[in-house]
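Working notes for the structure below.
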Amino acid sequence: MTDGIALDAGATDNIDTGNPDTVNPDNGTTDPDTGNNTNNTNTGSSDTGTTDNGSDTSTNLPAITVPDVLPPLPSPPLTPAPNTSNEPVPVTGPVSTVSEFFLVRDPYGKLPDDTSADLTLEDFNLGPLPAVVTTPSDVNPTINTPPYFINLENPTVFAGDVLEVLFDPEDDNGTRPGMFPNYLRDGWSLVDNLNNTRTFRWQPLQPDVGIHEFKITAVDEAAPLYRTEQTIRIQVLLPADESAIPNLPPVVDEIRPHTTKFNDPVVMTILVNDPNGTVPTLEIVNPPPGATITPHHAEPNVSILRFVPQTTGVLTIDAIARDSVDTTLTGTQTFTIDVRDASFFQREGTALRDIATARNFRLGYASLLDFYYRPDGAIYAQTAAREFNFVTTENSLKWSYINPLPGIYRFAAADNLVSFARLKGMEIHGHTLVWHVQLPDWLKTSAPETREGHMREFIDRIMTRYADDIPIWDVVNEVFENDGTYRESLWFEAMGLNYIDIAFKQARLSAPNARLIYNDNDVSWAGPKANAMFDMLQGMQDRNTPIDGVGFQMHIFTDFDKFDEVEANFQRAADLDLDVYITELDVSKISGGTDEQQAVVYERVLDICLKQPRCKGLQTWGFTDMYSWRSEFEPLLLDEKYQVKPAYTAFQRRLLEN
Ligand code: GLA
């Protein structure tokens, strides 16, 4: 399910674009590869995490050797600096829900794909890669030999033909290994032949021409963690006669039902696709009165339907995609919009923002990218401005989004948030400059010795652009593993521990007035990860590395009960003379968890923040369950129809108390 694609998203199939709907179509927000996934119950759940207070993470760490004064930025720059060619241009035409401020878009047409990490013919010609065996400590490989696959080759197939590859796992012990695919793309299947072998099957089409990789793991029958991973590469060629390739019908992407307010404009970003790579035409069977359909300025497969509903009630819209080669081939989709009267969105009592502002407290949310191109963008914006005085950028400043190719900058989304925040008098918290995920491929494939330069250039370019608009920044995000060891990120690989100090020093140079934050998950309760973080912060201060605060993410669950530890850890930060921010609070309902339990957790966390003089603000990671990286766990203050949940009322009550 999807809301179509967000405008200005260069690549619709790139999980790293930061484009919410193409990343995680089920919930309209993104969590591509954070390592912060919902299966990771280490995150704020009561039965996990350790209370080990000893820290042994300072041993065997690489030395930190950062000069007091950083050398000049690379000259000439490693990648082109932003210039007028990157400047956003005014949005014209009926394509958004915005009427109160001036909306801009990025100046580009469809961006080329970032091919830096694509596999090449050379990779294919290497043949199947050597097997990678994982041997658990309790297995003796001289007694129990590892499983392996026989007769593997890198196959070649013509688009339109069906490729079949037999996977036959063996074990010299005579046992019968099992197997599982590491990952199956759309259209790939692994058929069980019921004789201990499986057949990989795929019919590639025109857009698949190129080199692909399939990874499969054999599992030892006696010791299931004893495994052998094998990679094959597949070459797809275009046949001389393309007419032999089957023509499959096009599809219209689903758009989840949305709730909107009567008299507010609705925009629907409709994406059509043809598996053969041609561009289907779109027809709306029953457009609402006064509706316009505008082609997207950059994405040929996208059209924007905009209308102002004339009545309340559920509106149904039928869309048809028609194949451009054979017009008898079609795909259909039905969208629904629940149009409600203004009274449906009224809430009892004082808005959270007003109570927070009255007590000089920053109450914020993470803003959905391009919210003004969503069907419910109008009520989203009204709710945000009503309830919050503080806002952070969920995705619009992440590297893969804002700088997807060298010299290409997509500033429009952040610029639009700045315009919105200015108009509504909200303060902005910038998120996030240095992180190990949501990075563009060109950077991931860069030579390690260039990364310090890239990192400093990026920090400088982004912070100087927004120096007048964004006073608080997450400079570095998530450097630790859960056991408190430093993560072996591409930054660590290139610079050892130096990258953290370099990033903060660069940030201070680029935006001398900004508050600089270190942000991490699972550090608000006791354990090796928090200990490691506090050691790091202490070390930074000993070295005079500029740092002003700690961002405690707090993606937690309804069974969370480590409130005393949260209080203690906030105090540890305060004792280091650092500000505390709760940066990414959401409380997922674990199975059996209720809205009331959720409200208690929200209220207690807010209470801890309000009682800690150094706690300068609290941000929830979104505000409506409609748009959350954990939507299925309904983790936010309002439900998907913008209705108050007990957590909202609990916040209201607690903010009114001393
Ligand atoms: C981390 C990041 C956030 C976000 C969440 C999941 O916490 O800091 O930007 O990606 O993961 O949505």
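Starting from 1, each residue takes its place in the sequence as its number. Start at 1 and go down the list; that is how both ligands and their atoms are numbered.
With no hydrogens or angles considered, no side-chain donor-acceptor pair links Asp376 and Thr260 at under 3.5 Å.
Ligand 1 lies nowhere less than 4.0 angstrom from a heavy atom belonging to Asn521.
Here the shortest heavy-atom distance to atom 9 (O) of ligand 1, taken over His431, Glu394, Arg630, belongs to His431.
Listed by number with element, the atoms of ligand 1 under 4.0 Å from a non-hydrogen atom of His555 are 7 (O). In summary, the atoms of ligand 1 found under 4.0 Å from a heavy atom of Gln553, numbered by their order in the structure, are 1 (C), 7 (O), 8 (O). Ligand 1 places these atoms under 4.0 Å from at least one heavy atom of Glu584: 1 (C), 2 (C), 3 (C), 5 (C), 7 (O), 8 (O). Listed by number with element, the atoms of ligand 1 under 4.0 Å from a non-hydrogen atom of Lys398 are 3 (C), 4 (C), 9 (O), 10 (O). With ligand atoms numbered from 1 in the order given, ligand 1 contributes 1 (C), 2 (C), 10 (O) to contacts under 4.0 Å with heavy atoms of Trp435.
Between Phe388 and Tyr365, the angle of the ring planes lies from 30° to 60°, which puts this pair in the tilted group. Aromatic ring pairs are classed by plane angle as parallel below 30°, tilted from 30° to 60° and perpendicular above 60°; the pair His555 and Trp629 is perpendicular.
Looking at Lys589 and Glu634, a side-chain N of the basic residue comes within less than 4.0 Å of a carboxylate O on the acidic one, giving a salt bridge.
Sorted by first then second residue, the disulfide (SG to SG under 2.5 Å) pairs that include residues 553-623, not counting sequence neighbours, are Cys609-Cys615.
Only side-chain heavy atoms of Asn477 come within less than 4.0 Å of ligand 1; its backbone N, CA, C and O stay farther off.
Residues forming a ring pair (Phe, Tyr, Trp, His ring centres under 6.0 Å) with Tyr372 (at least two apart in sequence, or on another chain): none.
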